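Working notes for the structure below.
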Amino acid sequence: MKDFKVGLLFSTSGPYAALGQSALDGALMALDEVNAAGGIRLSPVMADPRGIPMEYERLTGEMVQGGGLRHIVGGITSWSRKDIIPVLERQGGMLWYPCPYEGFEISDHVVYLGACPNQHLVPLIDHVAEAAPRRAFLVGSNYVWGWETLRVARERLSARQVALAGERYVPLGDTDTAHLVAEIAESRPDVIVNSLIGPSNHAFMRELARLKEDGLDCLVVSANQTEADLEALGPAADGMLAIGAWFETVEGQATADFRARIAARYGAGYRASCNFATAHTAVHLLARGLERAGHDDTRAVFDAVAGEAQDSVLGPLAIDPVTRHASLVPRLARARAGAFEIISDPGQAVAPDPYLTRLAAVAPATGPRPAARPQLRIVS
Amino acid sequence: MTQTLDLHFAGRRALVLHPAATVRAQLAARLSALGVETDESWPADEPDLARADILFADVDTGHDEQFPWRRGQAPIPTVGLIQSEAPGRLAWALQQGFDAFQPLAALGKVYSTLVIATARAAERQQRMMRDAEVARRTGLRHVLVQATLKMMRREGLDEMAALKRLRALAMAERVALEDAAAIYLAEAEPRAAGGRE
(Lines give C-alpha, C1' and ligand atoms only; values in the text may rest on other atoms or scores of the structure.)
Protein backbone atom coordinates (compact mmCIF):
# COMPACT_ATOMS: atom_id res chain seq x y z
CA MET A 1 0.00 0.00 0.00
CA LYS A 2 1.32 3.40 -0.96
CA ASP A 3 2.13 5.77 1.87
CA PHE A 4 1.80 9.54 1.49
CA LYS A 5 2.56 12.31 3.93
CA VAL A 6 -0.03 15.08 4.25
CA GLY A 7 0.69 18.39 5.93
CA LEU A 8 -2.01 19.68 8.29
CA LEU A 9 -1.32 23.34 8.94
CA PHE A 10 -3.94 24.79 11.26
CA SER A 11 -3.64 27.27 14.11
CA THR A 12 -4.94 25.43 17.15
CA SER A 13 -3.76 28.23 19.40
CA GLY A 14 -3.88 31.99 18.96
CA PRO A 15 -6.71 34.37 18.02
CA TYR A 16 -8.75 32.03 15.82
CA ALA A 17 -7.83 28.73 17.50
CA ALA A 18 -11.44 27.50 17.61
CA LEU A 19 -11.74 27.66 13.81
CA GLY A 20 -8.36 25.95 13.31
CA GLN A 21 -9.12 23.20 15.82
CA SER A 22 -12.45 22.46 14.15
CA ALA A 23 -10.84 22.15 10.71
CA LEU A 24 -8.01 20.01 12.08
CA ASP A 25 -10.50 17.68 13.79
CA GLY A 26 -12.35 17.24 10.48
CA ALA A 27 -9.12 16.56 8.58
CA LEU A 28 -7.89 14.00 11.14
CA MET A 29 -11.19 12.15 11.11
CA ALA A 30 -11.08 11.93 7.30
CA LEU A 31 -7.47 10.76 7.44
CA ASP A 32 -8.46 7.84 9.67
CA GLU A 33 -11.39 7.02 7.38
CA VAL A 34 -9.06 6.93 4.36
CA ASN A 35 -6.58 4.71 6.18
CA ALA A 36 -9.35 2.40 7.38
CA ALA A 37 -10.63 2.03 3.82
CA GLY A 38 -7.29 0.58 2.82
CA GLY A 39 -6.56 1.98 -0.66
CA ILE A 40 -3.62 4.16 0.35
CA ARG A 41 -2.08 5.21 3.64
CA LEU A 42 -1.92 8.85 4.73
CA SER A 43 0.46 10.01 7.46
CA PRO A 44 -0.21 13.43 8.94
CA VAL A 45 2.55 15.97 9.54
CA MET A 46 1.07 18.60 11.83
CA ALA A 47 2.18 22.08 12.79
CA ASP A 48 0.53 24.95 14.67
CA PRO A 49 1.32 28.46 13.30
CA ARG A 50 -0.55 29.93 16.32
CA GLY A 51 -2.28 32.45 14.09
CA ILE A 52 1.03 34.21 13.36
CA PRO A 53 1.28 35.00 9.62
CA MET A 54 5.08 34.53 9.39
CA GLU A 55 4.79 31.12 11.01
CA TYR A 56 2.66 29.88 8.10
CA GLU A 57 5.48 30.76 5.73
CA ARG A 58 8.18 29.14 7.88
CA LEU A 59 6.23 25.97 8.68
CA THR A 60 5.14 25.50 5.05
CA GLY A 61 8.81 25.74 4.06
CA GLU A 62 9.75 23.10 6.62
CA MET A 63 6.97 20.77 5.48
CA VAL A 64 7.73 20.84 1.75
CA GLN A 65 11.52 21.03 2.07
CA GLY A 66 13.28 18.36 0.06
CA GLY A 67 10.04 17.21 -1.55
CA GLY A 68 9.18 14.96 1.39
CA LEU A 69 5.63 16.25 1.31
CA ARG A 70 3.69 17.93 -1.47
CA HIS A 71 0.15 18.40 -0.19
CA ILE A 72 -0.97 20.57 2.70
CA VAL A 73 -4.50 20.89 4.00
CA GLY A 74 -4.64 24.09 5.97
CA GLY A 75 -4.99 27.81 6.39
CA ILE A 76 -8.00 29.60 7.84
CA THR A 77 -7.64 33.31 7.08
CA SER A 78 -6.85 34.72 3.66
CA TRP A 79 -3.77 36.23 5.22
CA SER A 80 -2.49 32.75 6.10
CA ARG A 81 -3.22 31.46 2.59
CA LYS A 82 -1.35 34.34 1.01
CA ASP A 83 1.67 33.54 3.20
CA ILE A 84 1.62 29.86 2.21
CA ILE A 85 1.29 30.27 -1.58
CA PRO A 86 4.69 31.90 -2.35
CA VAL A 87 6.51 29.06 -0.56
CA LEU A 88 4.57 26.46 -2.55
CA GLU A 89 5.34 28.34 -5.76
CA ARG A 90 9.06 28.34 -5.02
CA GLN A 91 9.42 24.84 -3.64
CA GLY A 92 6.52 23.00 -5.24
CA GLY A 93 3.44 21.83 -3.43
CA MET A 94 -0.30 22.28 -3.25
CA LEU A 95 -2.61 23.76 -0.63
CA TRP A 96 -6.09 22.34 -0.08
CA TYR A 97 -7.78 25.38 1.42
CA PRO A 98 -10.97 24.61 3.37
CA CYS A 99 -12.48 28.01 4.26
CA PRO A 100 -14.90 30.46 2.72
CA TYR A 101 -13.00 33.49 1.44
CA GLU A 102 -13.47 36.72 -0.52
CA GLY A 103 -12.60 35.43 -4.01
CA PHE A 104 -10.54 37.18 -6.71
CA GLU A 105 -7.71 34.65 -6.72
CA ILE A 106 -6.68 31.63 -8.75
CA SER A 107 -3.35 30.06 -7.85
CA ASP A 108 -2.10 26.93 -9.57
CA HIS A 109 -0.88 25.82 -6.14
CA VAL A 110 -4.25 25.90 -4.41
CA VAL A 111 -7.50 23.94 -4.49
CA TYR A 112 -10.20 26.23 -3.12
CA LEU A 113 -12.80 24.15 -1.28
CA GLY A 114 -14.46 26.97 0.64
CA ALA A 115 -17.16 29.18 -0.82
CA CYS A 116 -16.38 32.37 -2.74
CA PRO A 117 -18.74 35.42 -2.86
CA ASN A 118 -21.16 34.15 -5.52
CA GLN A 119 -21.74 31.21 -3.15
CA HIS A 120 -22.02 33.18 0.08
CA LEU A 121 -22.38 36.95 0.19
CA VAL A 122 -24.22 37.49 -3.09
CA PRO A 123 -27.05 34.99 -2.39
CA LEU A 124 -27.20 36.23 1.21
CA ILE A 125 -27.59 39.89 0.19
CA ASP A 126 -30.06 39.00 -2.57
CA HIS A 127 -32.18 37.10 -0.04
CA VAL A 128 -32.13 40.01 2.40
CA ALA A 129 -32.93 42.53 -0.33
CA GLU A 130 -36.19 40.75 -1.10
CA ALA A 131 -37.61 42.09 2.17
CA ALA A 132 -36.82 45.61 0.86
CA PRO A 133 -34.85 46.97 3.82
CA ARG A 134 -34.35 50.72 3.76
CA ARG A 135 -31.05 51.16 5.57
CA ALA A 136 -28.07 48.85 6.01
CA PHE A 137 -25.08 49.09 8.32
CA LEU A 138 -21.89 47.24 7.34
CA VAL A 139 -19.31 46.11 9.88
CA GLY A 140 -16.23 43.96 9.35
CA SER A 141 -12.76 43.03 10.53
CA ASN A 142 -10.09 45.31 9.14
CA TYR A 143 -8.42 42.99 6.64
CA VAL A 144 -9.13 41.62 3.20
CA TRP A 145 -12.11 39.41 4.20
CA GLY A 146 -13.93 42.36 5.79
CA TRP A 147 -13.00 44.83 3.05
CA GLU A 148 -13.97 42.67 0.09
CA THR A 149 -17.13 41.08 1.49
CA LEU A 150 -18.44 44.48 2.53
CA ARG A 151 -17.47 45.98 -0.84
CA VAL A 152 -19.63 43.31 -2.53
CA ALA A 153 -22.43 43.94 0.00
CA ARG A 154 -22.24 47.71 -0.47
CA GLU A 155 -22.37 47.53 -4.26
CA ARG A 156 -25.11 44.89 -4.29
CA LEU A 157 -27.24 46.79 -1.74
CA SER A 158 -26.84 50.17 -3.37
CA ALA A 159 -27.85 48.65 -6.73
CA ARG A 160 -31.06 47.68 -4.91
CA GLN A 161 -31.50 51.24 -3.63
CA VAL A 162 -30.80 50.23 -0.03
CA ALA A 163 -29.23 53.22 1.72
CA LEU A 164 -25.99 52.84 3.64
CA ALA A 165 -26.31 53.91 7.26
CA GLY A 166 -22.60 53.30 7.92
CA GLU A 167 -19.56 51.15 7.17
CA ARG A 168 -17.03 50.45 9.93
CA TYR A 169 -13.95 48.26 10.33
CA VAL A 170 -12.50 46.85 13.55
CA PRO A 171 -8.87 45.71 13.94
CA LEU A 172 -8.48 41.91 14.08
CA GLY A 173 -8.86 40.72 17.65
CA ASP A 174 -10.17 44.07 18.95
CA THR A 175 -13.12 43.66 21.31
CA ASP A 176 -13.92 47.33 21.86
CA THR A 177 -17.10 47.54 19.80
CA ALA A 178 -19.18 49.82 22.06
CA HIS A 179 -18.74 52.81 19.70
CA LEU A 180 -20.11 50.74 16.81
CA VAL A 181 -23.17 49.71 18.73
CA ALA A 182 -23.75 53.31 19.84
CA GLU A 183 -23.65 54.37 16.23
CA ILE A 184 -26.09 51.62 15.27
CA ALA A 185 -28.43 52.73 18.08
CA GLU A 186 -28.26 56.20 16.55
CA SER A 187 -28.67 55.28 12.87
CA ARG A 188 -31.32 52.54 13.34
CA PRO A 189 -30.56 50.33 10.31
CA ASP A 190 -32.97 47.54 9.26
CA VAL A 191 -30.14 45.20 8.44
CA ILE A 192 -26.54 44.76 9.60
CA VAL A 193 -24.04 42.89 7.41
CA ASN A 194 -21.52 41.41 9.84
CA SER A 195 -18.08 40.37 8.50
CA LEU A 196 -16.37 40.52 11.89
CA ILE A 197 -14.45 37.42 12.84
CA GLY A 198 -13.34 35.83 16.13
CA PRO A 199 -13.43 37.81 19.40
CA SER A 200 -14.53 41.06 17.66
CA ASN A 201 -17.58 39.26 16.28
CA HIS A 202 -18.45 37.87 19.70
CA ALA A 203 -18.03 41.22 21.51
CA PHE A 204 -20.08 43.03 18.88
CA MET A 205 -22.94 40.51 18.86
CA ARG A 206 -23.19 40.57 22.68
CA GLU A 207 -23.35 44.38 22.76
CA LEU A 208 -25.90 44.34 19.96
CA ALA A 209 -28.06 41.83 21.84
CA ARG A 210 -28.40 44.36 24.67
CA LEU A 211 -29.51 46.94 22.14
CA LYS A 212 -32.10 44.52 20.78
CA GLU A 213 -33.43 43.99 24.29
CA ASP A 214 -33.98 47.74 24.36
CA GLY A 215 -36.15 47.49 21.27
CA LEU A 216 -33.82 47.69 18.22
CA ASP A 217 -35.48 45.71 15.43
CA CYS A 218 -32.69 44.81 13.09
CA LEU A 219 -31.66 41.70 11.14
CA VAL A 220 -27.99 40.65 11.39
CA VAL A 221 -26.65 38.67 8.42
CA SER A 222 -23.24 37.06 8.02
CA ALA A 223 -21.29 34.73 5.74
CA ASN A 224 -18.72 33.71 8.34
CA GLN A 225 -20.62 32.21 11.26
CA THR A 226 -20.19 28.62 12.35
CA GLU A 227 -21.43 26.42 15.17
CA ALA A 228 -18.25 27.38 17.07
CA ASP A 229 -19.44 31.00 17.07
CA LEU A 230 -22.89 29.94 18.30
CA GLU A 231 -21.30 28.24 21.28
CA ALA A 232 -19.37 31.39 22.15
CA LEU A 233 -22.35 33.68 21.57
CA GLY A 234 -25.17 31.84 23.32
CA PRO A 235 -28.51 33.68 23.09
CA ALA A 236 -26.76 36.75 21.60
CA ALA A 237 -26.74 34.93 18.24
CA ASP A 238 -30.49 34.34 18.16
CA GLY A 239 -32.19 35.59 15.01
CA MET A 240 -28.96 36.01 13.04
CA LEU A 241 -29.17 34.91 9.40
CA ALA A 242 -26.13 32.96 8.21
CA ILE A 243 -25.10 31.43 4.93
CA GLY A 244 -22.73 28.50 4.65
CA ALA A 245 -21.85 25.42 2.61
CA TRP A 246 -22.60 23.21 5.60
CA PHE A 247 -24.34 23.34 8.93
CA GLU A 248 -24.84 20.51 11.45
CA THR A 249 -28.56 20.77 10.79
CA VAL A 250 -28.46 20.06 7.05
CA GLU A 251 -31.18 17.51 6.40
CA GLY A 252 -30.67 14.06 4.96
CA GLN A 253 -29.22 10.66 5.71
CA ALA A 254 -25.69 11.61 4.63
CA THR A 255 -25.51 14.34 7.28
CA ALA A 256 -27.07 12.06 9.90
CA ASP A 257 -24.44 9.38 9.18
CA PHE A 258 -21.66 11.97 9.20
CA ARG A 259 -22.82 13.36 12.54
CA ALA A 260 -23.02 9.87 14.00
CA ARG A 261 -19.41 9.24 13.00
CA ILE A 262 -18.40 12.62 14.48
CA ALA A 263 -20.19 11.78 17.74
CA ALA A 264 -18.52 8.36 17.86
CA ARG A 265 -15.09 9.91 17.47
CA TYR A 266 -15.33 13.20 19.37
CA GLY A 267 -18.28 12.63 21.75
CA ALA A 268 -22.00 13.35 21.59
CA GLY A 269 -21.59 16.97 22.71
CA TYR A 270 -19.03 17.85 20.00
CA ARG A 271 -20.03 20.73 17.71
CA ALA A 272 -18.84 20.31 14.12
CA SER A 273 -18.72 23.25 11.73
CA CYS A 274 -18.46 24.13 8.06
CA ASN A 275 -14.67 24.26 8.48
CA PHE A 276 -14.75 20.75 9.97
CA ALA A 277 -16.82 19.37 7.08
CA THR A 278 -14.78 21.17 4.42
CA ALA A 279 -11.39 20.05 5.79
CA HIS A 280 -12.84 16.53 5.98
CA THR A 281 -13.87 16.82 2.32
CA ALA A 282 -10.43 18.18 1.37
CA VAL A 283 -8.64 15.13 2.81
CA HIS A 284 -10.98 12.67 1.08
CA LEU A 285 -10.61 14.49 -2.24
CA LEU A 286 -6.83 14.58 -1.89
CA ALA A 287 -6.80 10.86 -1.06
CA ARG A 288 -8.90 10.09 -4.14
CA GLY A 289 -6.48 12.08 -6.28
CA LEU A 290 -3.42 10.38 -4.79
CA GLU A 291 -4.94 6.95 -5.23
CA ARG A 292 -5.88 7.56 -8.86
CA ALA A 293 -2.60 9.25 -9.78
CA GLY A 294 -0.51 6.67 -7.94
CA HIS A 295 1.98 9.36 -6.92
CA ASP A 296 1.85 12.81 -5.34
CA ASP A 297 2.75 15.03 -8.30
CA THR A 298 0.53 18.04 -7.67
CA ARG A 299 -0.67 18.46 -11.22
CA ALA A 300 -1.48 14.77 -11.66
CA VAL A 301 -3.37 14.66 -8.37
CA PHE A 302 -5.37 17.76 -9.27
CA ASP A 303 -6.16 16.48 -12.77
CA ALA A 304 -7.31 13.18 -11.26
CA VAL A 305 -10.12 14.82 -9.28
CA ALA A 306 -10.91 18.06 -11.16
CA GLY A 307 -13.94 18.43 -13.39
CA GLU A 308 -15.79 15.42 -12.03
CA ALA A 309 -18.85 15.28 -9.79
CA GLN A 310 -17.91 13.97 -6.36
CA ASP A 311 -20.00 12.87 -3.41
CA SER A 312 -19.00 14.57 -0.20
CA VAL A 313 -20.42 15.37 3.20
CA LEU A 314 -21.00 18.87 1.81
CA GLY A 315 -23.31 17.42 -0.82
CA PRO A 316 -22.65 17.17 -4.55
CA LEU A 317 -19.30 18.79 -5.28
CA ALA A 318 -17.03 19.37 -8.27
CA ILE A 319 -13.73 21.18 -8.65
CA ASP A 320 -13.64 23.46 -11.66
CA PRO A 321 -10.44 22.61 -13.62
CA VAL A 322 -9.74 26.24 -14.57
CA THR A 323 -10.72 28.26 -11.50
CA ARG A 324 -9.76 25.39 -9.14
CA HIS A 325 -12.71 26.31 -6.93
CA ALA A 326 -15.47 23.97 -5.70
CA SER A 327 -19.11 24.06 -6.66
CA LEU A 328 -21.02 24.14 -3.38
CA VAL A 329 -24.56 24.22 -2.04
CA PRO A 330 -25.21 27.57 -0.31
CA ARG A 331 -27.52 27.05 2.65
CA LEU A 332 -29.29 29.80 4.53
CA ALA A 333 -29.88 29.28 8.24
CA ARG A 334 -31.18 31.23 11.20
CA ALA A 335 -29.52 30.95 14.59
CA ARG A 336 -31.90 29.87 17.34
CA ALA A 337 -31.15 28.47 20.76
CA GLY A 338 -27.60 27.50 19.93
CA ALA A 339 -28.27 25.87 16.57
CA PHE A 340 -28.73 26.85 12.95
CA GLU A 341 -32.23 26.25 11.62
CA ILE A 342 -31.97 25.73 7.88
CA ILE A 343 -34.44 28.04 6.15
CA SER A 344 -33.35 27.42 2.59
CA ASP A 345 -31.36 24.59 1.02
CA PRO A 346 -31.33 24.66 -2.79
CA GLY A 347 -30.10 21.04 -2.86
CA GLN A 348 -28.03 21.85 -5.94
CA ALA A 349 -24.47 23.01 -6.08
CA VAL A 350 -23.71 26.51 -7.36
CA ALA A 351 -20.70 26.72 -9.69
CA PRO A 352 -17.87 28.90 -8.38
CA ASP A 353 -17.38 32.36 -9.91
CA PRO A 354 -14.41 33.72 -7.95
CA TYR A 355 -14.17 36.91 -10.05
CA LEU A 356 -17.96 37.49 -10.07
CA THR A 357 -17.95 37.52 -13.86
CA ARG A 358 -21.35 35.87 -14.19
CA LEU A 359 -23.04 38.10 -11.65
CA ALA A 360 -26.50 38.95 -12.98
CA ALA A 361 -27.37 42.60 -12.97
CA VAL A 362 -29.77 43.60 -10.22
CA ALA A 363 -33.29 44.46 -11.38
CA PRO A 364 -33.96 48.16 -10.91
CA ALA A 365 -35.99 49.09 -7.86
CA THR A 366 -39.66 49.72 -8.53
CA GLY A 367 -40.15 52.90 -6.55
CA PRO A 368 -38.16 55.72 -5.01
CA ARG A 369 -36.96 55.18 -1.48
CA PRO A 370 -35.91 57.86 0.98
CA ALA A 371 -32.16 58.08 0.71
CA ALA A 372 -30.03 58.43 3.80
CA ARG A 373 -26.66 60.06 3.66
CA PRO A 374 -23.93 57.42 3.66
CA GLN A 375 -21.32 57.98 6.30
CA LEU A 376 -18.13 56.34 5.13
CA ARG A 377 -15.14 56.21 7.38
CA ILE A 378 -12.50 53.62 8.02
CA VAL A 379 -11.75 52.89 11.65
CA SER A 380 -8.43 51.14 11.99
CA MET B 1 -12.84 54.07 -5.75
CA THR B 2 -13.95 50.79 -7.31
CA GLN B 3 -16.85 52.51 -9.10
CA THR B 4 -14.41 54.20 -11.44
CA LEU B 5 -12.62 50.96 -12.28
CA ASP B 6 -13.73 48.58 -14.98
CA LEU B 7 -14.02 45.28 -13.09
CA HIS B 8 -16.33 43.12 -15.20
CA PHE B 9 -15.10 41.73 -18.48
CA ALA B 10 -17.76 39.17 -19.30
CA GLY B 11 -18.86 39.32 -22.93
CA ARG B 12 -15.65 40.93 -24.23
CA ARG B 13 -13.31 39.39 -26.79
CA ALA B 14 -9.58 39.10 -26.47
CA LEU B 15 -7.15 38.54 -29.32
CA VAL B 16 -4.03 36.60 -28.35
CA LEU B 17 -0.97 36.86 -30.60
CA HIS B 18 1.58 34.33 -29.42
CA PRO B 19 3.54 31.63 -31.28
CA ALA B 20 3.08 28.91 -28.61
CA ALA B 21 -0.22 27.03 -28.83
CA THR B 22 0.02 26.03 -25.15
CA VAL B 23 0.35 29.66 -24.08
CA ARG B 24 -2.61 30.63 -26.24
CA ALA B 25 -4.70 27.78 -24.82
CA GLN B 26 -3.72 28.51 -21.22
CA LEU B 27 -4.51 32.19 -21.56
CA ALA B 28 -7.82 31.40 -23.30
CA ALA B 29 -8.79 29.09 -20.41
CA ARG B 30 -7.94 31.73 -17.81
CA LEU B 31 -9.83 34.39 -19.73
CA SER B 32 -12.86 32.15 -20.17
CA ALA B 33 -13.10 31.89 -16.37
CA LEU B 34 -13.52 35.68 -16.43
CA GLY B 35 -16.20 35.50 -19.11
CA VAL B 36 -13.84 36.72 -21.86
CA GLU B 37 -13.89 34.90 -25.20
CA THR B 38 -10.61 34.55 -27.00
CA ASP B 39 -9.53 34.55 -30.63
CA GLU B 40 -6.05 33.25 -31.28
CA SER B 41 -3.88 34.18 -34.18
CA TRP B 42 -0.49 33.01 -35.40
CA PRO B 43 1.37 33.96 -37.50
CA ALA B 44 0.41 37.46 -36.46
CA ASP B 45 1.59 39.75 -39.26
CA GLU B 46 -1.88 40.92 -40.20
CA PRO B 47 -4.04 40.08 -37.22
CA ASP B 48 -7.78 40.63 -37.48
CA LEU B 49 -8.26 43.29 -34.84
CA ALA B 50 -11.79 44.28 -35.83
CA ARG B 51 -13.51 42.07 -33.26
CA ALA B 52 -11.02 42.50 -30.44
CA ASP B 53 -11.83 44.45 -27.26
CA ILE B 54 -8.41 43.76 -25.78
CA LEU B 55 -5.12 42.60 -27.28
CA PHE B 56 -2.49 40.28 -25.81
CA ALA B 57 0.72 40.26 -27.85
CA ASP B 58 3.99 38.40 -27.44
CA VAL B 59 6.81 40.80 -26.57
CA ASP B 60 9.58 38.43 -27.72
CA THR B 61 8.40 38.30 -31.34
CA GLY B 62 6.47 41.56 -31.55
CA HIS B 63 7.13 44.44 -33.99
CA ASP B 64 5.42 47.74 -34.76
CA GLU B 65 4.23 46.71 -38.23
CA GLN B 66 1.94 44.12 -36.65
CA PHE B 67 -0.43 46.82 -35.51
CA PRO B 68 -2.39 49.29 -37.62
CA TRP B 69 -1.79 52.15 -35.20
CA ARG B 70 1.05 54.40 -34.21
CA ARG B 71 2.99 53.68 -31.04
CA GLY B 72 0.93 54.39 -27.93
CA GLN B 73 -2.26 55.00 -29.92
CA ALA B 74 -3.98 51.64 -29.84
CA PRO B 75 -7.78 52.07 -29.79
CA ILE B 76 -8.15 49.13 -27.37
CA PRO B 77 -6.31 48.06 -24.18
CA THR B 78 -3.09 46.23 -25.04
CA VAL B 79 -1.10 43.77 -22.94
CA GLY B 80 2.48 42.66 -23.56
CA LEU B 81 3.12 38.98 -22.83
CA ILE B 82 6.55 38.64 -21.22
CA GLN B 83 8.63 35.47 -21.40
CA SER B 84 12.30 36.31 -21.89
CA GLU B 85 13.43 39.51 -20.24
CA ALA B 86 15.81 40.59 -23.00
CA PRO B 87 16.45 44.34 -22.56
CA GLY B 88 16.00 45.05 -26.27
CA ARG B 89 12.60 43.41 -26.27
CA LEU B 90 11.54 45.27 -23.13
CA ALA B 91 12.68 48.53 -24.76
CA TRP B 92 10.53 47.79 -27.81
CA ALA B 93 7.54 46.88 -25.63
CA LEU B 94 7.82 50.15 -23.71
CA GLN B 95 8.07 52.13 -26.94
CA GLN B 96 5.06 50.33 -28.35
CA GLY B 97 3.23 51.62 -25.28
CA PHE B 98 1.46 48.53 -23.95
CA ASP B 99 -1.07 49.38 -21.26
CA ALA B 100 -0.03 46.46 -19.05
CA PHE B 101 2.29 43.49 -18.98
CA GLN B 102 1.57 39.86 -18.25
CA PRO B 103 4.48 37.57 -17.36
CA LEU B 104 3.71 34.11 -18.75
CA ALA B 105 4.81 32.62 -15.43
CA ALA B 106 1.87 34.31 -13.73
CA LEU B 107 -1.13 33.66 -15.98
CA GLY B 108 -3.17 33.13 -12.81
CA LYS B 109 -3.03 36.90 -12.28
CA VAL B 110 -4.61 37.84 -15.59
CA TYR B 111 -7.59 39.48 -13.86
CA SER B 112 -5.42 42.20 -12.33
CA THR B 113 -3.72 42.63 -15.72
CA LEU B 114 -7.13 43.22 -17.33
CA VAL B 115 -8.12 45.75 -14.66
CA ILE B 116 -4.83 47.63 -15.04
CA ALA B 117 -4.76 47.52 -18.85
CA THR B 118 -8.35 48.74 -19.10
CA ALA B 119 -7.78 51.58 -16.63
CA ARG B 120 -4.51 52.64 -18.28
CA ALA B 121 -6.07 52.48 -21.77
CA ALA B 122 -8.94 54.70 -20.60
CA GLU B 123 -6.42 57.23 -19.25
CA ARG B 124 -4.50 57.03 -22.52
CA GLN B 125 -7.64 57.63 -24.59
CA GLN B 126 -8.52 60.65 -22.47
CA ARG B 127 -5.00 62.00 -22.87
CA MET B 128 -5.16 61.43 -26.64
CA MET B 129 -8.46 63.30 -26.82
CA ARG B 130 -7.06 66.16 -24.74
CA ASP B 131 -3.94 66.35 -26.91
CA ALA B 132 -6.05 66.33 -30.07
CA GLU B 133 -8.17 69.17 -28.70
CA VAL B 134 -5.10 71.22 -27.78
CA ALA B 135 -3.69 70.65 -31.28
CA ARG B 136 -6.99 71.66 -32.88
CA ARG B 137 -7.21 74.84 -30.85
CA THR B 138 -3.58 75.67 -31.56
CA GLY B 139 -4.41 75.35 -35.25
CA LEU B 140 -7.14 77.98 -34.81
CA ARG B 141 -4.85 80.65 -33.36
CA HIS B 142 -4.97 82.75 -36.52
CA VAL B 143 -8.79 82.73 -36.33
CA LEU B 144 -8.56 84.15 -32.82
CA VAL B 145 -6.18 86.87 -33.99
CA GLN B 146 -8.44 87.73 -36.93
CA ALA B 147 -11.55 87.87 -34.75
CA THR B 148 -9.84 90.05 -32.15
CA LEU B 149 -8.62 92.49 -34.80
CA LYS B 150 -12.00 92.58 -36.50
CA MET B 151 -13.79 93.24 -33.25
CA MET B 152 -11.31 95.99 -32.33
CA ARG B 153 -11.94 97.68 -35.65
CA ARG B 154 -15.71 97.24 -35.73
CA GLU B 155 -16.48 97.97 -32.10
CA GLY B 156 -13.73 100.43 -31.42
CA LEU B 157 -12.33 98.34 -28.59
CA ASP B 158 -8.78 97.80 -27.41
CA GLU B 159 -7.40 94.24 -27.60
CA MET B 160 -8.13 93.38 -23.95
CA ALA B 161 -11.76 94.47 -24.23
CA ALA B 162 -12.16 92.55 -27.52
CA LEU B 163 -10.70 89.39 -25.99
CA LYS B 164 -12.95 89.79 -22.97
CA ARG B 165 -15.99 89.99 -25.21
CA LEU B 166 -14.90 86.89 -27.13
CA ARG B 167 -14.50 85.06 -23.82
CA ALA B 168 -18.01 86.08 -22.82
CA LEU B 169 -19.28 84.74 -26.16
CA ALA B 170 -17.37 81.47 -25.58
CA MET B 171 -18.96 81.07 -22.15
CA ALA B 172 -22.43 81.84 -23.47
CA GLU B 173 -22.04 79.38 -26.34
CA ARG B 174 -20.16 76.87 -24.15
CA VAL B 175 -17.39 76.48 -26.68
CA ALA B 176 -13.63 77.03 -26.71
CA LEU B 177 -12.35 80.60 -27.15
CA GLU B 178 -11.06 79.75 -30.64
CA ASP B 179 -14.47 78.38 -31.63
CA ALA B 180 -16.14 81.53 -30.32
CA ALA B 181 -13.75 83.53 -32.50
CA ALA B 182 -14.81 81.45 -35.52
CA ILE B 183 -18.48 82.03 -34.68
CA TYR B 184 -17.89 85.78 -34.42
CA LEU B 185 -16.10 85.86 -37.75
CA ALA B 186 -18.82 83.80 -39.45
CA GLU B 187 -21.49 86.17 -38.20
CA ALA B 188 -19.42 89.23 -39.07
CA GLU B 189 -18.49 88.06 -42.58
CA PRO B 190 -21.89 88.42 -44.33
CA ARG B 191 -22.16 91.97 -43.08
CA ALA B 192 -18.62 92.57 -44.17
CA ALA B 193 -19.59 91.18 -47.58
CA GLY B 194 -22.36 93.75 -47.65
CA GLY B 195 -19.69 96.39 -47.84
CA ARG B 196 -20.66 98.25 -44.69
CA GLU B 197 -17.10 98.36 -43.48
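Not measured: the values here are computed from a predicted model. Here is the naming used below: chain letters follow the sequence lines, and residue numbers restart at 1 for every chain.
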Is the number of heavy atoms from other residues, nucleotides or ligands within 6.0 Å of [atom1] ([X]) greater than 12?
{"X": "B/R141", "atom1": "CZ", "value": "no"}
{"X": "B/E159", "atom1": "CD", "value": "no"}
{"X": "B/R120", "atom1": "CZ", "value": "no"}

Considering only heavy atoms and a distance below 4.5 Å, find which of B/S32, B/A33, B/G11 pairs most often with chain A.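 Most heavy-atom pairs under 4.5 Å with chain A: B/A33.
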Check the pair A/I106, B/R30 against side chain to side chain contact (heavy atoms under 4.5 Å, CB included), reporting the backbone distance first and the verdict last. CA-CA 9 Å; A/I106 299 175; B/R30 293 293 192 186; 2.7 Å; yes
Under the rule for ring-ring contact (aromatic ring centres under 6.0 Å, His included), what residues qualify as partners of A/F104, not counting sequence neighbours? A/Y355, B/Y111
How long is the gap from OG1 on A/T357 to CG on B/L7, to the nearest 0.5 Å? 12.0 Å
